[in-house]
A.B. asks: 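Take this structure first; my questions come after.
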Amino acid sequence: MQRMTLTLAALVLASASASAHAQVTVSDAWVRGTVPQQKATGAFMHIAAEQDVRLIAGASPVAGVVEIHEMAMEGNVMKMRELKGGLPIAKGATAELKPGGYHVMLMDLKQTLKGGETVPVTLTFEDAVSKKTFTRELMAPVKALGGATSGPHSGQHKH
């Protein structure tokens, strides 16, 4: 009986995980390339949600710290700050993370990011109703500073 209960629990968890992954679609992801000694850059993408979710965290092996940030005008000054509560994404909406707006900030970089490379990024979301968290992993191509990506997958990488 205990074995059957464990099997059912595993099936429920697998089902919940599968539905959680279906809640968001990440597309057009990319990371801005860096120059030597540069310690921070941004990751940009579109995130579409099938349920109300909140992007609450990120992680990447190329960065010591990953945060969800916002650039916004305060008076006549453009300021960047971490979104402490994360970025809410409404059911049926698509959030555009772009330069000068919302973005994923990669800080304490461990290496220079060159055009044509790809950067693994793990995004953590929270379901607005159940408060359960789930992750979405992606490989974001690096766009060289001042130019487009180079390499065989330029502009064609979607998640």
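Atoms considered below: every heavy atom in the structure, side chains included; atoms not considered: hydrogens, waters and symmetry mates.
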A.B. asks: Could you give me the CA-CA distance, side-chain angles and deciding distance for Phe125 and Arg136, then say whether side chain to side chain contact (heavy atoms under 4.5 Å, CB included) is met?
C.D. replies: CA-CA 8 Å; Phe125 295 89; Arg136 184 82 166 93; 3.8 Å; yes
A.B. asks: Check whether any side-chain heavy atom of Val24 sits under 4.5 Å from a side-chain heavy atom of Gln51, and report yes or no.
C.D. replies: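 Side-chain contact under 4.5 Å: no.
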A.B. asks: So, Lys84 and Glu67, do they make that salt bridge, N to O below 4.0 Å?
C.D. replies: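 Salt bridge flag = no for Glu67 with Lys84.
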A.B. asks: Which pairs with one or both residues in residues 51-65 pass salt bridge (Lys or Arg N to Asp or Glu O under 4.0 Å), sequence neighbours excluded?
C.D. replies: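 For residues 51-65, and leaving out neighbouring residues, there are no salt bridge (Lys or Arg N to Asp or Glu O under 4.0 Å) pairs at all.
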A.B. asks: May I ask you to check whether over 12 heavy atoms, not counting those of Lys114, lie within 6.0 Å of atom NZ?
C.D. replies: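 It does not: Lys114 NZ has 12 such atoms or fewer within range.
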A.B. asks: Could you grab the distance from atom NE2 of His46 to atom CG of Leu97, nearest 0.5 Å is fine?
C.D. replies: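 The NE2 atom of His46 sits 8.5 Å away from the CG atom of Leu97.
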A.B. asks: Counting only heavy atoms not in Lys98, do more than 12 fall under 6.0 Å of its NZ?
C.D. replies: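 Counting other residues, nucleotides and ligands, NZ of Lys98 stays at 12 neighbours or fewer.
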A.B. asks: Any side-chain heavy-atom pair from Glu137 and Pro120 closer than 4.5 angstrom?
C.D. replies: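 No, too far: nothing below the 4.5 Å cut-off.
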A.B. asks: To the nearest 0.5 Å, how far apart are CG in Leu55 and CG in Leu83?
C.D. replies: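 That separation rounds to 9.0 Å.
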A.B. asks: Does any non-hydrogen side-chain atom of Ile47 lie less than 4.5 Å from one of Thr94?
C.D. replies: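 No, too far: nothing below the 4.5 Å cut-off.
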A.B. asks: Out of curiosity, Tyr102 OH to Glu96 CD, how far, rounded to the nearest 0.5 Å?
C.D. replies: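 Tyr102 atom OH to Glu96 atom CD measures 12.0 Å (nearest 0.5 Å).
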A.B. asks: Which heavy atom in Met107 sits nearest to a heavy atom in Ala63, and how many Å separate them?
C.D. replies: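 Minimum heavy-atom contact is O-CB, 3.4 Å.
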A.B. asks: Side-chain contact, heavy-atom cut-off 4.5 Å: Ser60 with Thr122?
C.D. replies: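 With C-beta onward as the side chain, the pair stays apart.
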A.B. asks: I'd like to know if the side chain of Thr34 reaches the main chain of Leu113, judged simply by a donor and an acceptor atom lying under 3.5 Å from each other, with no hydrogens or angles considered.
C.D. replies: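 Here the side-chain-to-backbone pair exists.
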A.B. asks: Do you reckon Met71 sits in the same ILVMFWY cluster as Met73, going by side-chain contacts under 4.5 Å, direct or chained?
C.D. replies: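 They do share one cluster, since a chain of ILVMFWY contacts under 4.5 Å joins Met71 to Met73.
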A.B. asks: Identify whether the distance between the nearest side-chain nitrogen and carboxylate oxygen of Glu70 and Arg81 falls below 4.0 Å.
C.D. replies: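 A salt bridge is present here (some side-chain N lies under 4.0 Å from a carboxylate O).
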A.B. asks: Could you check whether the rings of His103 and His69 sit parallel, tilted or perpendicular, using 30° and 60° as the cut-offs?
C.D. replies: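 The rings of His103 and His69 stand perpendicular, inter-plane angle above 60°.
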A.B. asks: So do the side chains of Trp30 and Val119 get within less than 4.5 Å of each other, counting heavy atoms only?
C.D. replies: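 Heavy-atom side-chain distance check fails, nothing below 4.5 Å.
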A.B. asks: If you define the side chain from C-beta out and look only at heavy atoms, does anything of Val142 sit under 4.5 Å from Thr118?
C.D. replies: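 The answer is no; the side chains never approach within 4.5 Å.
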A.B. asks: Hey, mind stepping through Glu126 and Val53 against side chain to side chain contact (heavy atoms under 4.5 Å, CB included) and telling me if it holds?
C.D. replies: CA-CA 6 Å; Glu126 178 185 73; Val53 297; over 6 Å; no
A.B. asks: If you round to the nearest 0.5 Å, how far is CD of Glu50 from NZ of Lys91?
C.D. replies: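 With rounding to 0.5 Å, NZ (Lys91) is 9.5 Å from CD (Glu50).
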A.B. asks: Given the rule that I, L, V, M, F, W and Y join up when any side-chain heavy atoms are under 4.5 Å apart, are Leu87 and Val65 in one cluster?
C.D. replies: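 Not linked; separate clusters.
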A.B. asks: Ignoring hydrogens, what is the shortest heavy-atom contact between Ala49 and Ile89? Give both atom names and the distance.
C.D. replies: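 Heavy atoms of Ala49 and Ile89 come nearest at CB-CG2, 3.6 Å.
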A.B. asks: Closest approach of Gly33 and Thr41, non-hydrogen atoms and distance?
C.D. replies: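 Heavy atoms of Gly33 and Thr41 come nearest at O-OG1, 4.2 Å.
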A.B. asks: Taking all heavy atoms of Ala43 and all of Val31, pick out the closest pair and write down the distance.
C.D. replies: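 Closest approach of Ala43 to Val31, heavy atoms only: CB-CG2, 3.9 Å.
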A.B. asks: Before you tell me yes or no, could you show the steps for Val104 and Met45 under side chain to side chain contact (heavy atoms under 4.5 Å, CB included), namely the whole-Å CA-CA distance, both residues' side-chain angles and the distance that decides it to 0.1 Å?
C.D. replies: CA-CA 9 Å; Val104 175; Met45 62 203 72; 4.0 Å; yes
A.B. asks: In Å and rounded to the nearest 0.5 Å, what is the CG to CD distance from Leu106 to Gln38?
C.D. replies: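 One gets 10.5 Å once the value is rounded to the nearest 0.5 Å.
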A.B. asks: Can you check whether Leu138 reaches Leu123 side chain to side chain, under 4.5 Å on heavy atoms?
C.D. replies: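 The answer is yes; the side chains approach within 4.5 Å.
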A.B. asks: With side chains defined as the heavy atoms from C-beta onward, is the minimum distance between Asp28 and Phe44 less than 4.5 Å?
C.D. replies: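 In short, these two side chains do not touch, never coming nearer than 4.5 Å.
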A.B. asks: What distance do Ile68 atom CD1 and Met105 atom CE have between them, rounded to the nearest 0.5 Å?
C.D. replies: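 Rounded to the nearest 0.5 Å, the CD1-CE separation comes out at 11.5 Å.
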